[in-house]
Amino acid sequence: MSFSSDIKDELCRLHNEKPCCAFHELAGILRTGLIIREIGKKNHLLFITEHASVSRTVYSRVKEMVPDGVEISGEKTTRFKRHMVYRLDFTGITERDDGIRLLDSVGMNVNLPQQKVEYTKLDIKNKCCIRAYLRGGFLAVGSVSNPDKSYHIELSFINGLIADEFMSYMEFFELKPRIIQRKNYDIVYMKEGQDIVDFLNVINAHNALLEMENIRILKDMRNQVNRIVNCETANLEKTVNASLKQVSYIKYIDERIGIENLPEGLKEIARLRMENPEASLSELGKMLKPELGKSGVNHRMRKLQQIATDLMEKGK
Ligand SMILES: [Zn+2]
């Protein structure tokens, strides 16, 4: 199951306690989700979704208000092989008084023969109802990418005015949505993990919010661990590169004069370095008896380097 499906299933299980919110949720669904398509030379008013829970919710909510106004059918799409697409046909509600009243109450005037829908602005006063309206819109035209992969939430609108309306209602909750055009759609989207968490909070998808927070924490930890590992790798590389240089000096000295002819302290560190090319300077220091600090070891290494370069000079 996708993260979007989880959220929508959760939202469909929510019970709108107040009738004002139930109404505005439905308004959000209908104003964003209803589209006109020509089927068999006749224009139909449709609501199409891949989510079974959403199709059931929309179907039963409209049927309560307009009995016999909606037909439901499922079809397999060729686009998503595994997916079932649910098609609710609302054409019936445009032919009945109670249906037209419902559309009118959500600010929609549908003219099927001319393939046109006019929207009047809904003036939503209560905060609870704005939440419900946004929730309805998300149920109909929203999606969220799997947060394991990326942070992206979007709502795609066929009508620019409705897109603007949603932008301003989202901004009312201090969200910072952005908008782009894609084909014939206005896409309202956000790309920050925090934006998605905030939006889920606004529409009362609290389980999804918690799941998202858990994934964010895990991701942060994973990034931190990766950073540490990368950092250690970089340090290790530095150590190894320095060590290879030291080993080459020491080999040169050994070939020219023999390590055993070096002063005691240098002889010892040269031998240890040859035997432990991967060790850091402080690790080498700890192998000495008595132990020697990092700077002490570094000092001896520089002496070895000096001897080697002197030998090279002489060898010219
Ligand atoms: Zn309300």
Side-chain angles (χ1 to χ4, degrees), residues 1-4 6 144-154 176 178 189-201 208-316:
M1 282 301 253
S2 71
F3 191 52
S4 279
D6 291 346
V144 180
S145 65
N146 190 337
D148 265 334
K149 299 196 178 98
S150 64
Y151 298 131
H152 184 93
I153 186 167
E154 70 176 41
K176 292 173 198 71
R178 292 198 272 171
Y189 70 98
M190 297 187 290
K191 294 191 83 64
E192 295 290 325
Q194 190 57 46
D195 294 333
I196 298 169
V197 167
D198 291 343
F199 184 80
L200 294 176
N201 190 33
L209 187 156
L210 290 179
E211 197 186 322
M212 169 101 192
E213 287 287 33
N214 281 340
I215 292 169
R216 281 176 85 202
I217 290 166
L218 276 177
K219 251 183 147 176
D220 275 359
M221 277 168 63
R222 231 177 292 153
N223 286 344
Q224 231 168 334
V225 168
N226 281 341
R227 259 202 305 278
I228 292 167
V229 170
N230 287 343
C231 183
E232 280 177 352
T233 311
N235 280 339
L236 190 65
E237 253 176 49
K238 260 205 284 193
T239 307
V240 169
N241 284 340
S243 163
L244 288 177
K245 220 161 148 194
Q246 291 155 5
V247 169
S248 67
Y249 288 139
I250 294 163
K251 276 191 174 151
Y252 187 80
I253 296 170
D254 197 29
E255 281 161 18
R256 297 291 298 270
I257 57 170
I259 305 179
E260 67 280 2
N261 294 318
L262 288 169
E264 195 59 32
L266 294 183
K267 182 164 74 182
E268 213 180 353
I269 202 74
R271 187 182 50 76
L272 280 173
R273 172 43 94 207
M274 299 278 268
E275 288 166 3
N276 306 282
E278 78 295 339
S280 67
L281 293 184
S282 32
E283 282 165 345
L284 282 183
K286 285 190 186 118
M287 295 173 195
L288 291 169
K289 283 191 181 89
E291 282 184 20
L292 191 62
K294 185 180 166 184
S295 64
V297 177
N298 194 29
H299 181 70
R300 290 190 192 179
M301 283 298 174
R302 272 208 241 118
K303 267 196 179 158
L304 284 170
Q305 183 175 347
Q306 192 56 54
I307 293 169
T309 42
D310 285 351
L311 285 171
M312 285 173 201
E313 292 289 311
K314 271 187 220 157
K316 264 185 193 167

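Treat the numbers as computed from the prediction; the structure is a model and nothing was measured. Nothing fancy with the numbering, it's 1 onward along the sequence.
Of all heavy-atom pairs spanning Ala208 and Phe3, the tightest one is O-CZ, 3.7 Å. Of all heavy-atom pairs spanning Val247 and Pro277, the tightest one is CG2-CB, 4.5 Å. In terms of heavy-atom proximity, Ser150 sits nearest to Ser145 at O-OG, 2.8 Å. Tyr151 and Glu192 get closest at one heavy-atom pair: CB-C, 4.1 Å.
Remark: Ile269 CD1 to Gln246 CD distance equals 9.0 Å, nearest 0.5 Å. The OG1 atom of Thr309 sits 10.0 Å away from the OH atom of Tyr252 when rounded to the nearest 0.5 Å. With values rounded to the nearest 0.5 angstrom, Gln305 atom CD is found 10.5 Å from Ile250 atom CD1. The distance from the CE atom of Met212 to the CD1 atom of Ile196 is 4.5 Å, given to the nearest 0.5 Å. Between Glu255 atom CD and Leu311 atom CG the span is 11.0 Å, to the nearest 0.5 Å. Going from atom CG of Leu244 over to atom OG1 of Thr239 covers 10.5 Å, rounded to the nearest 0.5 Å.
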Q) Going through the checks in order, is the side chain to side chain contact (heavy atoms under 4.5 Å, CB included) test met by Glu278 and Ser243? A) CA-CA 7 Å; Glu278 78 295 339; Ser243 163; over 6 Å; no
Q: Could you go through the side chain to side chain contact (heavy atoms under 4.5 Å, CB included) check for Arg273 and Tyr249 one step at a time?
A: CA-CA 11 Å; Arg273 172 43 94 207; Tyr249 288 139; over 6 Å; no
Q: Please test Lys251 against Met274 for side chain to side chain contact (heavy atoms under 4.5 Å, CB included), starting from the C-alpha separation and ending with a verdict.
A: CA-CA 8 Å; Lys251 276 191 174 151; Met274 299 278 268; 3.8 Å; yes
Please report, to 0.1 Å, the donor-acceptor pairs under 3.5 Å made by any side chain of residues 282-303, with sequence neighbours excluded.
from	atom 1	to	atom 2	distance (Å)
Glu283	OE1	Ser280	N	2.8
Glu283	OE1	Ser280	OG	3.4
Arg300	NH1	Gly265	O	3.3

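Around NZ of Lys245, the count of heavy atoms belonging to other residues, nucleotides or ligands within 6.0 Å does not exceed 12.
Under the side chain to side chain contact (heavy atoms under 4.5 Å, CB included) criterion, Val229 pairs with Val225, Thr233, sequence neighbours left out. Applying the side chain to side chain contact (heavy atoms under 4.5 Å, CB included) test to Lys191 and every residue at least two apart in sequence or in another chain returns His152, Tyr189. With sequence neighbours excluded, the residues forming a side chain to side chain donor-acceptor pair (under 3.5 Å) with Arg216 are Gln194, Glu213, listed by chain and number. Under the salt bridge (Lys or Arg N to Asp or Glu O under 4.0 Å) criterion, Glu268 pairs with no residue, sequence neighbours left out. Listed by chain and residue number, Lys267 satisfy the salt bridge (Lys or Arg N to Asp or Glu O under 4.0 Å) test with Glu264 (two or more places apart in sequence, or in another chain).
Checked options Ile253, Ile259, Asp254; the residue passing with Ile257 is Ile253 (criterion: side-chain contact (heavy atoms from CB on, under 4.5 Å)).
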